[in-house]
Number of protein chains: 2
Amino acid sequence: MTTSENPVVILIADSQFLITESLKLILQNDGRFEANKIVTGKNEIIKALTNEKISLLIIDPSLTDLTGFSELKEIKISFPELKVVVLTNSLNKNELHELNTIGITNIILKTAEREEITEAINSALKGKKYYSNELMELLFDVGEKKNQGEDNGHLTGSELEIVRLIAEGLTTKEIAARKFISFHTVITHRKNIFRKLGVSSVSELLMYAIKSGWINMIEYHI
Amino acid sequence: MTTSENPVVILIADSQFLITESLKLILQNDGRFEANKIVTGKNEIIKALTNEKISLLIIDPSLTDLTGFSELKEIKISFPELKVVVLTNSLNKNELHELNTIGITNIILKTAEREEITEAINSALKGKKYYSNELMELLFDVGEKKNQGEDNGHLTGSELEIVRLIAEGLTTKEIAARKFISFHTVITHRKNIFRKLGVSSVSELLMYAIKSGWINMIEYHI
DNA sequence: TAAAAAATAACATATTTGTGGTATAGGAGC
DNA sequence: GCTCCTATACCACAAATATGTTATTTTTTA
C-alpha cells in the first residue's frame, strides 16, 4: 500500500480498447503503481509475465479460452506469486465456480463502478478475495427457485454429450444412430438427465443447459 | 469538421463507468468538441436532450429498453435533428435490422478499436452510415447455412408469445389453458412457427429463438 | 372498402417423448 | 473383495408432438 513496498507493476490483458484505456487512466491517477503494461493477445501475456516482474494481472478470460479456463490455470501454476483480477463482460455460475477452483478469487464485471474496480485491485494485492455485487448474488442463490432434484447439476460426460445433441435438434432415434448405441440407452440417459436436473421437458432442459454454460452459445449469439 | 461550424456537444448515455471514462478521454483529446456530458440513467437522457443543444448522442440501448428499442424510437421522433451512435456489447441480426428501421445507422460494438469509434462519430456527424466490421458480417450473411423455410424469421405477436411459453416449458395443453384458446389453435400456431422458421423440433426452435433474441436470457445468463 | 394477413378451430395419424420399471457388464475407489 | 457409479439395454404405456389438410372469423393494411 505504501511506496516503501516492492514496486507494483500491473499487466492488463484485454483486447477491448475502450476498457484498457479506462483502466490505464484509473491506475495512472492512483499513483501507487510503478508501471502498467497493456497486452491484447494471448501470446503476449506469457512473454510479459516471463520477462518482467509483474505483481498483478488484470485479465479478461475471453482473451484466452472462454470455456474451461485451462490457459488461465496454467498461468496460475506457472506464476504462483502472481495476483490475478478477472475483469469480464459476463460469467455464469459454472464459470464462477471454476475460477474459484483455479484459485482466482478477485472477479468483477466490466459493468462495475470505479469503487468496485479499485477495491478488487486493492484486495488482490493484499491477498484478499473480492467479487462484484452481481457475482455475489450468483454465488449465493445456490438454493434457487426450482429443481427439487437430488444431486443437481452433476452430469456425466455421456449425459452432457446427449444434452448437446438434444440441443442440436436430434431426436432420440437420431442420437442413438449418431452414437452407435441403442435407442433404449439414450432413453435411459435422458431419464437420468431429467431426474438429476429436476426438469421434465426439453425446453426446461435447454434453458438449464444454457444458463449453466453447457451449450456453446457463441455460434448462436454474437 | 471545422471550428467555424456549430459547436458540437456530445451526450454519452451509458452506465458502464469503464466505457464512459474512455469515451470522455477520446472526445477530449479530439479537440473538435465543445463539451461532453455523461448520463447513466434513462430519465436523464430526455432531460439533457430537452434542456441542452446536443448534436450527437452516443448511447448503449441496454440502458433503456433491451428489446424493441421503443424508447430509442421515441427519441429519434422527438429529436429528428439529433445524430445517434449506438455503442453496445452485443447485437443480434434482428436487433440490427430494427435499429436500421428506426433510422439508426451508426452502430459499433464495445469491442471496437479507437479508429472504429472515431470513424463512427465522424460519420454520424456527417450524416453518413457506419457499422462495426463484426456487424457488417452479420448484415451480409442473409443467406446463412440452415433454414430453407420461406418467409424466415418474421413471426407474428401471438406466435412469438407462444415461442416464449414453449421456452418456459409449458406443453401445448398448458399454453391453450394459459391463453384461453383451443388446444387446436396452439397446434396450428406451432405448425406455422415451425414452417416459417424451417425447424422441426422444440430444440431447434429454442436455439433459433435465443439466437434471434426473442427469449429474454437475462434471467438465465447474467 | 376490398384484399391480405393473422388468429382462431377442427380432424386424423404416425412419431416421439416422458415415465415407470428391471437388468448386466465394466471401472473406480475403499 | 465389495460397493458405488456409469454406460449399456430392454419392456410397456400414456401423453405429447409433428404433420397434413381445411375452414371461419377478426384485424390490418393497401
Side-chain angles (χ1 to χ4, degrees), chain A residues 146-209 214-215, chain B residues 68 70 73 94 97-98 101 146-209 212 214-215:
Chain A
K146 55 164 51 186
N147 58 49
Q148 47 265 31
E150 50 223 73
D151 178 26
N152 275 297
H154 180 254
L155 296 193
T156 67
S158 309
E159 286 166 351
L160 259 183
E161 198 186 343
I162 285 178
V163 170
R164 297 206 179 92
L165 292 172
I166 291 173
E168 275 186 42
L170 301 188
T171 65
T172 303
K173 202 196 281 180
E174 289 168 332
I175 294 170
R178 175 84 75 91
K179 298 225 329 149
F180 303 107
I181 56 178
S182 156
F183 172 82
H184 301 284
T185 305
V186 182
I187 290 274
T188 305
H189 278 309
R190 279 181 95 119
K191 273 188 288 199
N192 290 333
I193 292 166
F194 277 35
R195 183 180 39 76
K196 283 186 182 177
L197 265 37
V199 300
S200 61
S201 71
V202 185
S203 311
E204 289 177 87
L205 169 63
L206 287 190
M207 287 309 188
Y208 193 109
W214 297 338
I215 296 175
Chain B
S70 59
K73 202 173 185 172
N94 267 21
H97 280 122
E98 197 157 357
T101 311
K146 56 161 50 185
N147 57 50
Q148 47 265 35
E150 51 222 74
D151 180 24
N152 275 296
H154 180 252
L155 295 194
T156 68
S158 310
E159 286 166 351
L160 260 183
E161 199 187 342
I162 285 178
V163 170
R164 296 206 181 92
L165 293 173
I166 291 174
E168 274 187 43
L170 300 190
T171 65
T172 303
K173 203 195 282 180
E174 289 168 331
I175 293 170
R178 174 85 74 92
K179 298 226 326 149
F180 303 107
I181 56 179
S182 156
F183 172 81
H184 300 285
T185 306
V186 182
I187 290 273
T188 304
H189 279 308
R190 280 181 95 118
K191 273 186 289 201
N192 291 333
I193 293 166
F194 277 35
R195 184 179 39 75
K196 283 185 181 176
L197 266 38
V199 301
S200 60
S201 71
V202 184
S203 311
E204 289 176 90
L205 169 64
L206 287 190
M207 286 309 181
Y208 194 109
S212 305
W214 297 336
I215 297 175

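Remember, predicted model here, so these are calculated numbers, not experimental data. Chain letters run A, B, ... following the sequence lines, proteins first and then strands; every chain starts at 1.
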* To do: Check the pair Ile162(B), Leu155(B) against side-chain contact (heavy atoms from CB on, under 4.5 Å), reporting the backbone distance first and the verdict last.
  => CA-CA 10 Å; Ile162(B) 285 178; Leu155(B) 295 194; over 6 Å; no
Can you check nucleotides 26-30 of chain C for protein contacts, nitrogen or oxygen pairs under 3.5 Å, and list what you find?
none

* To do: Mind checking the NE2-CD1 spacing from His184(A) to Ile187(A)? Nearest 0.5 Å is all I need.
  =>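 Nearest 0.5 Å value for the NE2-CD1 distance: 8.0 Å.
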* Spacing of CZ belonging to Arg195(A) relative to CG belonging to Asn192(A), to within rounding of 0.5 Å ->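 Arg195(A) CZ to Asn192(A) CG: 4.5 Å, rounded to 0.5 Å.
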side-chain contact (heavy atoms from CB on, under 4.5 Å) partners for [X], two or more places apart:
X         : result
Thr185(A) : Ile181(A), Ser182(A), His189(A)
Ser203(A) : Ser201(A), Ile166(B), Val202(B), Leu206(B)
Leu165(B) : Glu168(B), Leu170(B), Ile175(B), Arg178(B), Lys179(B)

Nearest whole angstrom, please: distance from the [atom2] of [N] to the [atom1] of [X].
X         : N       : atom1 : atom2 : value
Glu159(B) : dA5(C)  : CD    : P     : 13 Å
Asn192(A) : dG21(C) : CG    : P     : 14 Å
Ile181(B) : dA6(C)  : CD1   : P     : 16 Å
Lys173(B) : dT17(C) : NZ    : C1'   : 14 Å
Leu165(A) : dT17(C) : CG    : P     : 13 Å

* **Minimum heavy-atom distance Glu174(B)-Gly169(B), with the two atoms named** =>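 In this case the closest contact between Glu174(B) and Gly169(B) is OE1-O, 4.1 Å.
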Pairing residues for [X] by the side-chain hydrogen bond (donor to acceptor under 3.5 Å, both in side chains) criterion, not counting sequence neighbours:
X         : result
Thr156(B) : Glu159(B)
Lys173(A) : none
Ser200(A) : Glu204(A)
Thr188(B) : none

* Within residues 182-189 of chain A: residues closer than 4.0 Å to DNA chain D (heavy atoms) ->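 When residues 182-189 of chain A is checked for heavy atoms under 4.0 Å from DNA chain D, the hits, listed by number, are Ser182(A), His184(A), Thr185(A), Thr188(A), His189(A).
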* Segment of DNA chain D, first to last nucleotide, that comes within the 4.0 Å heavy-atom reach of chain A ->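 Range of nucleotides touched by chain A: dT6(D) to dC11(D).
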* To do: Please round to 10 degrees the angle between the axis of the first five pairs and the axis of the last five pairs in the helix from dT1(C)-dA30(D) to dC30(C)-dG1(D).
  =>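 One end axis against the other gives 70°.
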* To do: Measure distances between side-chain N and O atoms of Lys191(A) and base N and O atoms of dG20(C), and say whether any donor-acceptor pair falls under 3.5 Å.
  =>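 Pair found.
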